[in-house]
There are 2 protein chains.
Amino acid sequence: MKNSGMDITTLSALAETNRMNIVQLLRDGPLSVGEIADRLGLRQPQASKHLKVLSDSGIVEVRIDANRRIYTLRSEPFQAMDIWLQSFRHMTEERLDNLDHYLRELQNKEKP
Amino acid sequence: MKNSGMDITTLSALAETNRMNIVQLLRDGPLSVGEIADRLGLRQPQASKHLKVLSDSGIVEVRIDANRRIYTLRSEPFQAMDIWLQSFRHMTEERLDNLDHYLRELQNKEKP
DNA sequence: TTATAATATTCCTTGACGAGAATATTCCTT
DNA sequence: AAGGAATATTCTCGTCAAGGAATATTATAA
């Protein structure tokens, strides 16, 4: 359900409090649905639903262990986010490329 | 509208195609509303609305230049995402901590 | 095989969000 | 001051996602 490169579904999956909490929880290791629901004060159906969203977006993978389903974080989406973020790193260099912006705005003003 | 630390509003602001496109556009430098709308094939009102969302979440800041409003990417949210992502880096080390998981699952099985 | 634990799924209702169209606002220009 | 350009705001409508409650599914254990 995921190739490489940042997908918007990754972001929208994480852009919900409960799912974000689940992800933070799973940082420390795999957990079953029941454990997740317990620790986050969720009802089991809601936990399952959120886990499905996370699973569909490739953030999480499931392993069947008897009655339980053990959910684990996948690393790929986070690596993809990381790579994507690299294209924004130059911003930290606080405008050493001011010339570019200056020229750009000149163009805008000359447009009409 | 933003302190430090990853905020979920950052993610939900980015989790929309048009806003993501705007952000990608602004990577190359500040732009006015009209420019953004033109290049992305958006109508001006929609562009303004999306820019408001981005602005409210602190992803973007605005500078008034005569009739125009020039929107610029802010670096803080991306730095925050970056820091947040660091807590997931250990995943890349593909399970050298398997012992931890093993013990954890043992505990789960002994629970009932 | 039946009862039970763990999890998934469905149905329903409600609230949020995005697009479209129209209008309001602000500022420049003449 | 008036007209026009650039941008923001409002309203409505349709869609979609989330929570709640009930139920279905699957697998274990007795």
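Just so we're on the same page: letters track the sequence lines, and every chain starts at 1. What you are looking at is a predicted structure, and each value in this text was computed from that prediction instead of being measured.
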Query - Interatomic distance where CD belongs to A/Q46 and C1' belongs to D/dG19 [whole Å] - result: 5 Å
Query raised in the report: Phosphate oxygens OP1/OP2 of D/dA6: is one of them under 4.0 Å from a side-chain N or O of B/R69?
Result: no
Query raised in the report: Just how far, in rounded Å, is P of C/dA5 from CG of A/D65?
Result: 18 Å
Report summary line: If pairing means Watson-Crick or G-U wobble with both distances under 3.5 Å, then the partner of C/dA24 is D/dT7
Requested in this report: Tell me yes or no: between the side chains of A/S87 and B/R27, is some donor less than 3.5 Å from an acceptor?
Outcome: yes
Query raised in the report: Taking the side chain of B/A66 as its heavy atoms from C-beta onward, which of D/dT7, C/dA19, C/dC28 lies nearest to it?
Result: C/dC28
Report task. Measure from the side-chain heavy atoms of B/Y71 and tell me the nearest of D/dA8, C/dA8, D/dC11. Result -> D/dA8
Requested in this report: Would you classify A/K52 as touching base, sugar-phosphate or nothing, given that sugar-phosphate means primed atoms plus P, OP1 and OP2, and contacts are heavy atoms under 4.0 Å?
Outcome: sugar-phosphate
Report task. Round to the nearest Å and state the distance from A/L31 atom CG to C/dT7 atom C1'. Result -> 15 Å
Report task. For C/dC17, take OP1 and OP2 only and decide whether either is under 4.0 Å from a side-chain N or O of B/H50. Result -> no
Requested in this report: Flag the pair B/E61 / B/L73 as yes when at least one side-chain heavy-atom distance between them is below 4.5 Å, and no otherwise.
Outcome: no
Scan the side chains in residues 11-23 of chain A for donor-acceptor partners under 3.5 Å anywhere in the protein, sequence neighbours excluded, and list what turns up.
unit_1	atom_1	unit_2	atom_2	d
A/S12	OG	A/I8	O	3.4
A/S12	OG	A/T9	O	3.3
A/E16	OE1	A/N18	N	3.0
A/E16	OE1	A/R19	N	3.1
A/E16	OE2	A/N18	ND2	3.2
A/R19	NE	A/A13	O	2.6
A/R19	NH1	A/H50	ND1	3.2
A/R19	NH2	A/S12	O	3.4
A/N21	ND2	A/T17	O	3.3

Requested in this report: Give a yes/no answer on whether the side chain of A/N67 brings an N or O atom under 4.0 Å of OP1 or OP2 in C/dT4.
Outcome: no
Report summary line: dist A/I59:CD1 -> A/M81:CE (nearest 0.5 Å) comes out at 8.5 Å
Query raised in the report: Would you say A/Q24 and B/W84 make side-chain contact, with heavy atoms under 4.5 Å?
Result: yes
Query raised in the report: A/K49 side chain: which of C/dT7, D/dT9, D/dG19 is closest?
Result: D/dG19
Query - Donor/acceptor link under 3.5 angstrom from B/Q44 side chain onto base of D/dA8 - result: yes
Report task. Kindly say whether B/G58 contributes a backbone atom to a donor-acceptor pair with the side chain of B/R74 at under 3.5 angstrom? Result -> yes
Query raised in the report: C/dT30 pairs with which nucleotide, Watson-Crick or G-U wobble, both distances below 3.5 Å?
Result: D/dA1
Query - Closest to the B/S48 side chain, choosing from D/dG20, D/dT9, C/dA8 - result: D/dT9
Report task. Quickly work out the B/L51 CG to D/dA8 P distance and round it to whole Å. Result -> 7 Å
**Report entry** Any A/R43 side-chain N or O less than 4.0 Å from OP1/OP2 of D/dG20
**Finding:** yes
**Report entry** Selection from C/dT7, D/dG19, C/dA22 that lies nearest to any side-chain heavy atom of B/P45
**Finding:** C/dA22
Query raised in the report: Once you round it to whole Å, what is the distance between P of D/dA17 and CG of B/L11?
Result: 17 Å
Requested in this report: Would you mind reading off the distance between B/L42 atom CG and D/dT7 atom P, rounded to a whole angstrom?
Outcome: 13 Å
Query raised in the report: CD1 of B/I64 versus C1' of D/dA6: gap in Å, rounded?
Result: 12 Å
Query - Atom-to-atom span, CG of B/L14 to P of C/dG18 - whole angstrom - result: 12 Å
